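Keep in mind that the numbers below use all heavy atoms, side chains included, and drop hydrogens, waters and symmetry copies. Keep in mind it's a predicted model, so treat the numbers as computed, not measured.
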Amino acid sequence: MDDGDCDVDHPFEITTLPEGRNNFAITVAEKLDYNEKSQFTLCLVAEDRAGGSDSLKSNVSEILIPIRDVQNEPPVFLNLPYSTFIYENNKVGFPVIHVTAQDGDRGVLQPNKVELTLDSPYFEIDSKGSITANTSFDRENLDENPFRLTVIATEDDDVQPTNQTVSEIPVVITILDEDDNIPEFSNTSIQVEFFENSPEGTRLNLAVTVTDADELTNAAYNLELIQPLDAFALVTETGQGSALVDVQVINSTLLDFEVRQQTNFMIMASSTVNSTLGNKTALEVTVNLINLNDNEPVFSQDGYYGKFAENVAAGYYILTVEYVISVEASDGERIKQTFVTLNCTDVNDNAPVFQRHFDEVFREEFDETIPDEAIIKLTAFDADPTSPNNEVSYFISGRDTEYKFRINDTSGELFFNGSVDYDIGDMAYLLTISARDHGSPPKEGTTTLNVTILDRNDNAPVFDGSLYTFSVREDVKSEYVVGNVTATDEDSGFYGTIDYNIIEGGGGVFYITTSKNVGFIRVGGGLDKETSPEDGYSLNITAQDRGSPPESTTCLVNIAVIDVNDEKPVFDSDQDRKYSVSEGASRGFHVLTLHATDLDGNSNLSYQIRDVMAEDEMGRKVVGEFSSQFSCNENNGTISVNEELNREEVETFSLEVVVRDVNAETEDQTDTATVIITIEDINDSPPVFENITDDLSVVEGSANGTIVTTKIRATDPDKGSNGEVVYSLVDDAGGAFRIEKRTDSWFVEVNYVYLYEQYRKSPHSYHSEECSIAVLEDVLRTNNIDRSLVKFELTRDRLISNIVKLEAQAKHARRKGGNLRVHNEALIDREKNDMLTVTVRASDRGFPVIFTEMDVNIEIEDINDNAPSFERHPYDGTVRENSDIDTPICKVTAVDMDATFGVLNYTIVFGNTDSWFKINSTNGNISVADNGIDREKTDEVTLVVEAVDSGYKRDTTEVC
């Protein structure tokens, strides 16, 4: 016994029982726990002490102690730990994780059922332990993430305490981020004050933050600055998470308080990671410029000039500028100073100044009727204070080469003077308007006015042709573009945008799409030459602009459908596809011709054998390469024998023949047909003897008809009479033997249901009888009996036509034929021949007959049919009186022809009255047995010696 099989550490101890000597008990010394160890192996050593320690004897016995589990453990969870994640925006009911728990007592016969519970408003657990989400999560608005849940497993047990029936396990579920937020600004609009002419690089310090609430991996964004002036640039155009947004000056010349006191721009933020998110967010910024003292006073002219007569009266007006001068007079000694106030008269030293140095107006085009209302009223001011220097007249001073405009010279109102047509190029006019005062000399001021002509929907679309003709193959795919129609609209923009529609025709087969004012006619589906109108399709297509009301026009589109070879060939369904072929059919033998039809006019059919399956005569699949067994003419579908047939290997071929239209223009156009070819047997196989494993023998003298053996059997793989075997002896050992010339056959007892027409009220009757081959094959096939295990042929093929249903498999089978018998018993004599040889011929019943021969050796077994025979009668012998013991006298010899029974035993049966003589029982030597031979008592003795064989046959002779 291997000590490694014994548990050294165990919770048991051995105690001596008080009941008697050498009685012991194994008791539990410590607490047992099934979950720690479910069984113990104890090795008990028994020792005696007889004769002292030197003669100690012992014996070891192994005891297996299994531990029976009881209910004392709480549930246990499997597949720990439980931690997983799901993405936000999940569907309600989304499976999150599976929790498995079972009774912690593994060895009990009936484990407790375990119920799982979960206390959470966001998740629930079903009876199978599947945790699903009760809501769709938004990670950005979660109070906690990850969720730390507690799943409680409770055993269905009211007896145990709670600590033995309840277990808890933490489950951690993390909600992962998806890019589902666009970046947001902390303000949607702000106003800032900024000094004019601030140097380039100066930041506005917007103090605005842009934030994408997604995790950093999903929180990248782009910033875009949209501004009317190129005065600013973004400090950074990209960001991630949350960051300050600011702009800096790149062109300070545009920030001139004297030109503009305020400018506006917009900052757009969009997601970088997920461009499919919704609209961008915007920050509107208003910049109020702070004026700086960066300009000196500027006179309207470099100097002023005025004159007056010396005798003009006081108060005479000289100029609008008043100034005071001091005049000092001196006679050389005295000085006198006075102050003189001069009032200058006005001179025409100011040119008229328009309120704006550039203006722009927008007006719709018109045809012939000139609008009465003014386009714009222009106003110019002249700084001269008096008339006529400050009186102004207006005129068009430049760029109105076509005289499309006129201006009221007094009011400054501008009017159209002729028609303007946007569609022929009258899109904008840049006019120079002048204002001239009436001073002398007069002064002029100018302004630039841009008059933009707006288009109106005054033109209908026009096709570039009234009739379009296209053609399309019937096999094109959906959305294929058949052709395109084009219409033009002299209007622009929205009024010149054209949409196309099929208003009639097409039959739902075509539809039209619009791209860049071109209409693309596409195939919608169901295009088939065989079902389309004979003359094709005629479509009425309209082109319509987007004016209000819209303008439209129509055209006609003719579409011819081009036929395509798209019909599949089909094998003729009424053609017989089961054929029989002789096993001896030569290569090229015509089996059948398959025919298929194809509706396409230009079809070109090709036939091919795609797969071949083979079965033997019992319907079992034969594994092998049979693809070239038959050939198929690819042009006409003729199937012929291509290789030598062997029914004994394969009786049935199943050919999968495919026909293909090689002119097919669409998908692979094929059809398949299955052809069953049964091979009819020819007599091409000789009978084959089975090996005789036992030594054959017969007892000599056996009576005529004695069976020597029933094991001379031969099988022929051919079928029917070709496979029926009869036996004969070519060499019968001189007429000593004969063989039964009977057909080798099987008889099988089978139960079947037999229907009697005359007993319709009770139609089912059970019979048991020797059945035909057809019935037997049905039995084997119905009951899934391996055909190779039951080899049979019948002398007759008696079909039972009214068998309705087979009930059971074959009960038993017995075999007949091939019995070798004794024909002439006189020749069966071992003493003449101890071995005879016969030549057995097994012939089939086919045509021509095929046979096989086999030599069979038969040993002749010996019998005791011969008695011993002495060589002489009598024998002579002499001996002196008083001769010594063992003195030889003579030797007698007998012969027995039998081999088995020829061992002889010699004895003196008479004449040895005084026991003077003895004989060797084995070799027949006679010698002196007693030295007391006395001639005076008798001078002649006659002994009778007997020889006995082992079969107790005997002979005697005399010794004198």
Side-chain angles (χ1 to χ4, degrees), residues 1-48 56 58-84 95-120 123-132 146-173:
M1 182 180 300
D2 188 355
D3 292 340
D5 296 335
C6 303
D7 289 313
V8 178
D9 296 326
H10 56 80
F12 303 98
E13 62 183 11
I14 298 178
T15 59
T16 302
L17 294 176
E19 288 82 3
R21 184 182 179 186
N22 294 336
N23 290 320
F24 303 93
I26 299 175
T27 59
V28 177
E30 300 174 12
K31 183 178 179 181
L32 299 175
D33 190 339
Y34 178 89
N35 296 289
E36 292 182 0
K37 194 172 181 64
S38 60
Q39 69 178 22
F40 292 86
T41 300
L42 303 184
C43 293
L44 300 183
V45 180
E47 298 177 345
D48 64 22
L56 182 145
S58 65
N59 187 28
V60 180
S61 178
E62 184 179 289
I63 298 177
L64 180 66
I65 303 178
I67 307 303
R68 187 175 70 250
D69 197 11
V70 297
Q71 286 287 357
N72 62 349
E73 292 292 334
V76 293
F77 290 90
L78 308 180
N79 305 320
L80 298 176
Y82 294 119
S83 178
T84 189
V96 179
I97 194 172
H98 190 85
V99 176
T100 303
Q102 65 182 24
D103 190 342
D105 302 296
R106 298 178 290 111
V108 295
L109 295 177
Q110 186 66 37
N112 288 334
K113 294 182 179 179
V114 177
E115 179 184 7
L116 299 174
T117 57
L118 171 65
D119 185 15
S120 171
F123 301 90
E124 66 179 16
I125 189 169
D126 62 17
S127 59
K128 296 181 180 180
S130 178
I131 297 178
T132 55
F147 290 92
R148 302 184 184 276
L149 313 177
T150 299
V151 174
I152 301 174
T154 305
E155 293 183 19
D156 185 12
D157 192 336
D158 297 330
V159 178
Q160 298 184 73
T162 302
N163 63 343
Q164 295 182 6
T165 60
V166 177
S167 294
E168 297 181 354
I169 195 72
V171 178
V172 179
I173 302 173

**Item:** Pair Q164-D105, side-chain contact (heavy atoms from CB on, under 4.5 Å): steps then yes or no
**Value:** CA-CA 10 Å; Q164 295 182 6; D105 302 296; over 6 Å; no
**Message:** Once rounded to the nearest 0.5 Å, what's the spacing between atom CD of E13 and atom CD1 of I26?
**Reply:** 11.0 Å
**Item:** R148 CZ to S120 OG distance, which is reported to the nearest 0.5 Å
**Value:** 14.0 Å
**Item:** For P11, side-chain contact (heavy atoms from CB on, under 4.5 Å) partners two or more places apart
**Value:** E30, L32, F40
**Request:** Check whether any side-chain heavy atom of F77 sits under 4.5 Å from a side-chain heavy atom of V151, and report yes or no.
**Result:** yes
**4.5 Å side-chain heavy-atom contact, V172 and Y82** = no
**Asked** Going by heavy atoms in the side chains, are I152 and V166 under 4.5 Å from each other?
**Response** yes
**Prompt:** Should we say atom CG of N163 is surrounded by more than 12 heavy atoms from elsewhere, each under 6.0 Å from it?
**Reply:** yes
**Asked** Which atom pair, heavy atoms only, marks the closest approach of A153 to A101?
**Response** CB-CB, 3.9 Å
**Request:** Indicate yes or no: at least one non-hydrogen side-chain atom of Q102 is less than 4.5 angstrom from one of V76.
**Result:** yes
**Message:** Nearest 0.5 angstrom please: E168 CD to L149 CG, how far?
**Reply:** 12.5 Å
**Item:** Test item: V99 and I131 side chains (from C-beta on) under 4.5 Å apart, heavy atoms
**Value:** yes
**Request:** Check whether more than 12 heavy atoms from other residues, nucleotides or ligands sit under 6.0 Å from atom CG of D119, and answer yes or no.
**Result:** no
**Request:** Rounded to the nearest 0.5 Å, what's the gap from CG on D158 to OG1 on T165? Could you check?
**Result:** 9.0 Å
**Asked** Can you find a heavy atom in the side chain of L44 that is under 4.5 Å from one in the side chain of I14?
**Response** yes
**Request:** To the nearest 0.5 angstrom, please state how far the CD1 atom of I125 sits from the OG atom of S130.
**Result:** 8.0 Å
**Request:** Please report the shortest heavy-atom distance between E155 and E73, naming the atom on each side.
**Result:** OE2-O, 3.0 Å
**Least distance between heavy atoms, P95 atom then T132 atom** = CA-CG2, 3.8 Å
**Request:** Taking H98 for its side chain and K128 for its backbone only, find out whether a donor-acceptor pair lies under 3.5 Å.
**Result:** yes
**Request:** Could you tell me which residues satisfy side-chain hydrogen bond (donor to acceptor under 3.5 Å, both in side chains) with D157, sequence neighbours excluded, listed by chain and number?
**Result:** N112, Q160
**Request:** Taking the side chain as every heavy atom from C-beta outward, state whether F123 and V96 have any pair of such atoms under 4.5 Å apart.
**Result:** yes
